[in-house]
Number of protein chains: 4
Amino acid sequence: MRERQILDAAVEVFSRHGYHSASMDEISEVAGVSKPMIYSYLGAKEDLFAKCIRREAARMLEAVRQGVRSELPPDMQLWHGLRAFYRFVAEYRDSWTVLHRQALTVGGQFAGEVNLLRSRAIDMVSALVVTAGTKKGLGQVAEFSGPALAVSLVGAAESLADWWLDHSDVSDGVLASWLMNLVWMGFNDLIEGDVWQPR
Amino acid sequence: MRERQILDAAVEVFSRHGYHSASMDEISEVAGVSKPMIYSYLGAKEDLFAKCIRREAARMLEAVRQGVRSELPPDMQLWHGLRAFYRFVAEYRDSWTVLHRQALTVGGQFAGEVNLLRSRAIDMVSALVVTAGTKKGLGQVAEFSGPALAVSLVGAAESLADWWLDHSDVSDGVLASWLMNLVWMGFNDLIEGDVWQPR
Amino acid sequence: MRERQILDAAVEVFSRHGYHSASMDEISEVAGVSKPMIYSYLGAKEDLFAKCIRREAARMLEAVRQGVRSELPPDMQLWHGLRAFYRFVAEYRDSWTVLHRQALTVGGQFAGEVNLLRSRAIDMVSALVVTAGTKKGLGQVAEFSGPALAVSLVGAAESLADWWLDHSDVSDGVLASWLMNLVWMGFNDLIEGDVWQPR
Amino acid sequence: MRERQILDAAVEVFSRHGYHSASMDEISEVAGVSKPMIYSYLGAKEDLFAKCIRREAARMLEAVRQGVRSELPPDMQLWHGLRAFYRFVAEYRDSWTVLHRQALTVGGQFAGEVNLLRSRAIDMVSALVVTAGTKKGLGQVAEFSGPALAVSLVGAAESLADWWLDHSDVSDGVLASWLMNLVWMGFNDLIEGDVWQPR
DNA sequence: AATGAATGAGTATTCATTCAT
DNA sequence: GATGAATGAATACTCATTCAT
């Protein structure tokens with residue numbers, strides 16, 4: 001469809017240049033569609049960008065959701081979720097770039113969209129942690145602010161994804177494991193030689 | 001001094017609108033100085049932005065560095081470092097915004113400056129972790145990729161800082177403690193009811 | 001065509017104010033076209049100016065070339081060439097102004113273009129003189145530096161053209177005759193009462 | 001004196017960059033004087049330029065005037081005058097550049113100044129020619145428009161001077177002789193092998 | 001339905017010129 | 001008398017956006 005064609009091009013171009021430096025001209029060229037078409041189908045630049053973000057966010061969420069196996073124990077769920085996330089980042093690099101880097105630049109105009117994605121991700125994590133906690137009979141974790149911990153985890157995962165873009169010689173499984181050792185085991189256990197491993 | 005006056009204004013405006021949308025006109029107005037003065041003292045827009053980033057990065061590093069008490073055990077060092085970081089974010093909100101959000105937008109032109117800051121931060125954390133690890137006679141941590149873990153921690157801290165901007169009713173100490181419970185104890189210990197607390 | 005429309009306006013404005021003082025705004029206004037069109041069709045100010053010069057130079061050369069009747073004796077050829085030149089100056093006053101006065105001002109950036117024109121003119125004259133000389137079996141003239149004489153003649157013709165702009169009550173034929181009496185006969189013959197006249 | 005110091009610098013800078021591109025900053029720097037001084041002594045940029053032209057024009061006229069030996073026959077007077085002119089051009093290259101090239105660029109603002117110089121030069125030449133003519137009992141020359149011929153001669157001399165700047169391996173005497181052969185003898189005589197030589 | 005052609009509005013940057021000292 | 005510091009005003013250039021076809 002025309003709409004999809006244009007969105008694909010837009011994501012590519014926004015990813016390459018960022019919101020401001022991306023030109024409608026280049027987008028129309030890459031899409032192989034005239035500029036008036038873009039305006040007719042997707043509205044002004046701002047709308048277009050918003051729609052890019054929304055679509056890519058949905059894609060990513062879906063990918064992660066599919067990765068999580070809810071029949072497994074919480075730690076394994078988290079691990080699989082992280083792997084799915086990293087696979088997505090690897091496969092849809094442009095999507096990731098747009099979501100993570102470019103979406104922040106537009107004066108908070110799109111913070112909403114991105115925050116929505118982030119909240120969703122955070123919700124997923126929170127659920128996991130809380131579940132794990134309650135299973136063990138400890139609601140304590142929530143008091144340490146489940147949301148805040150989830151936010152931190154998401155930030156860590158994102159940051160590591162960025163790092164990965166420049167150190168791509170590591171598998172998604174290893175990457176996820178590293179992160180598990182940080183957030184599941186903590187430095188303290190690591191120091192003690194106590195590591196986490198997928199079972 | 002004039003230079004400082006201008007840089008302050010520039011940080012404020014860049015923080016508000018981002019690099020591209022910020023206009024030299026607004027900066028000059030906020031600074032209470034005519035535009036030619038800006039060019040004379042700090043050069044073109046790009047230079048100006050670079051100088052903003054460099055100054056704020058230096059400030060932040062200094063603040064964190066001063067917060068860390070190297071005579072304390074590693075976990076306490078980390079905790080104090082985090083607190084210093086959050087105090088800085090709270091006090092110099094604009095600095096933080098510019099460093100974290102806006103610096104990424106300029107086509108990687110300034111990635112260098114920001115990455116430098118980030119590397120410095122990561123180095124500090126790495127040093128702590130490695131120190132802690134070796135004290136216990138365990139080089140293991142390195143195999144989990146010290147750098148990657150440090151990257152993750154920094155990401156987590158940044159992400160939490162962002163979250164904090166919208167949930168400012170928490171003290172920096174609490175915030176740092178939350179993060180310590182994530183990275184030092186890990187979910188596993190938390191679930192077990194094993195929490196980290198400043199001593 | 002749009003391109004022609006713009007070039008016409010540009011020549012007019014450059015002729016009036018010179019390269020530096022001419023503003024793209026005025027050109028666009030005179031052309032009855034918006035500024036972006038100028039940039040789109042003809043590029044930046046410098047390109048625009050270069051294109052003006054090139055077009056006018058070509059025009060002028062063509063005009064002169066068409067004026068020369070190569071079947072006539074050398075002196076008549078020269079006379080006809082000069083007439084054609086003055087007719088061109090009279091008809092395209094702006095072209096002449098741009099070529100002669102304004103093209104020199106841009107820091108030698110366009111000296112090339114103009115010098116090319118001048119060389120062409122000089123070549124034509126040189127050819128004539130040398131032809132005349134060799135017909136009479138005398139290569140001597142070249143030894144008096146054909147090029148230098150040609151340069152001088154061109155300079156004389158240009159200077160006279162400028163003078164003419166303020167004393168337009170003289171026909172191109174008369175003007176050309178005056179010049180012939182200078183360069184063909186010389187003061188000496190004139191003093192002797194020996195004048196040149198078209199046959 | 002301060003005034004002279006500034007004028008010297010101005011001529012140098014105007015000669016290098018032309019009127020528009022020359023900056024008051026550079027002039028003040030070259031003069032070793034602060035900008036307000038320039039304004040105080042010589043007025044605004046336009047005034048300054050006018051004064052440069054006036055001074056250099058006077059210098060040049062004086063130089064030529066001193067070169068002419070009025071006790072000699074007209075052709076020798078002319079030849080000596082031309083030599084003096086070329087010696088001046090060689091020695092005060094900047095003066096010549098400013099007078100000939102740069103003065104034309106300013107939208108006719110300074111045409112007056114330069115034309116004044118030119119008229120003076122033309123007057124000198126006219127006088128010579130007329131004198132020569134009348135001595136021979138022939139008022140004819142005037143009918144060929146003494147002024148126009150003078151204008152042409154001056155143009156030829158200027159043009160040749162410009163050419164000389166790029167072919168400096170010729171003495172001023174030779175240069176003047178070439179020109180004499182053009183304007184005194186004419187192509188016709190040259191073709192006949194009849195050349196002019198200083199006696 | 002689709003586009004080539006056109007533009008309004010905005011921004012960085014530069015300099016001649018002048019105060020305050 | 002002399003200047004460092006400051007600015008008003010001007011200009012090239014770009015790009016999102018829309019008609020006329």
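Residue numbering restarts at 1 for every chain, and letters A, B, ... go by the order of the sequence lines. Keep in mind the model is a prediction, meaning the values are calculated, not measured.
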Participant: Could you give the CE-to-C1' distance, from A:M37 to E:dA2, as a whole number of Å?
Facilitator: 5 Å

Participant: Please say whether the positively charged group of D:K45, taken as NZ for Lys or CZ for Arg, lies over the ring of D:F14, i.e. under 6.0 angstrom from the six-membered ring centre and within 45 degrees of the axis.
Facilitator: no

Participant: Does A:T97 have any side chain to side chain donor-acceptor pair (under 3.5 Å) partners at least two apart in sequence or in another chain, and if so, which?
Facilitator: none

Participant: Hey, is the side chain of A:Y41 poking within less than 4.0 Å of OP1 or OP2 on E:dA2, counting only N and O atoms?
Facilitator: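 A:Y41 to E:dA2 OP1/OP2: side-chain N or O found under 4.0 Å.
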
Participant: What is the distance from CD1 of C:I6 to C1' of E:dA6, rounded to the nearest Å?
Facilitator: 11 Å

Participant: Can you tell me how far P of E:dT11 sits from CD1 of B:I38, to the nearest Å?
Facilitator: 14 Å

Participant: Below 3.5 Å, can you tabulate the donor-acceptor pairs from side chains in residues 28-35 of chain C to any protein atom, sequence neighbours excluded?
Facilitator:
residue : atom : partner : partner atom : Å
C:S28   : OG   : C:D25   : O            : 3.1
C:S28   : OG   : C:V33   : O            : 3.4
C:K35   : NZ   : C:D25   : OD1          : 3.4

Participant: For B:R59, what residues pass the salt bridge (charged side-chain N to carboxylate O under 4.0 Å, His left out) criterion, not counting sequence neighbours?
Facilitator: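 If we apply the salt bridge (charged side-chain N to carboxylate O under 4.0 Å, His left out) test to B:R59, skipping adjacent residues, the hits are B:E56.
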
Participant: Who are the side chain to side chain contact (heavy atoms under 4.5 Å, CB included) partners of B:E158, not counting sequence neighbours?
Facilitator: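 Listed in chain order: B:W96, B:H100, B:R118, B:V154.
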
Participant: Sequence neighbours excluded, which residues qualify as side chain to side chain donor-acceptor pair (under 3.5 Å) partners of C:R120?
Facilitator: none

Participant: What pairs with B:E26 under side chain to side chain donor-acceptor pair (under 3.5 Å), at least two apart in sequence or on another chain?
Facilitator: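 Residues passing side chain to side chain donor-acceptor pair (under 3.5 Å) with B:E26: B:R16, B:H17.
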
Participant: Roughly, in whole Å, what's the span from CD in B:Q5 to P in F:dA5?
Facilitator: 14 Å

Participant: Does B:Y41 have any side chain to side chain contact (heavy atoms under 4.5 Å, CB included) partners at least two apart in sequence or in another chain, and if so, which?
Facilitator: B:R2, B:E3, B:I6, B:M37

Participant: As a check on the pairing definition, encode DNA chain E in dot-bracket form, counting Watson-Crick and G-U wobble pairs whose two distances are under 3.5 Å, and using | for partners outside this strand.
Facilitator: .||||||||||||||||||||

Participant: Give the rounded distance in Å between these two atoms: CE of C:M1 and P of E:dA5.
Facilitator: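 Atom-to-atom, C:M1 to E:dA5, this comes out as 12 Å.
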
Participant: Counting only side-chain N and O atoms of C:R2, is one of them less than 4.0 Å from OP1 or OP2 of E:dA6?
Facilitator: yes

Participant: What string of B, S and - do you get for nucleotides 8-16 of chain F 5' to 3' if you count protein non-hydrogen atoms under 4.0 Å?
Facilitator: B---SBBBS

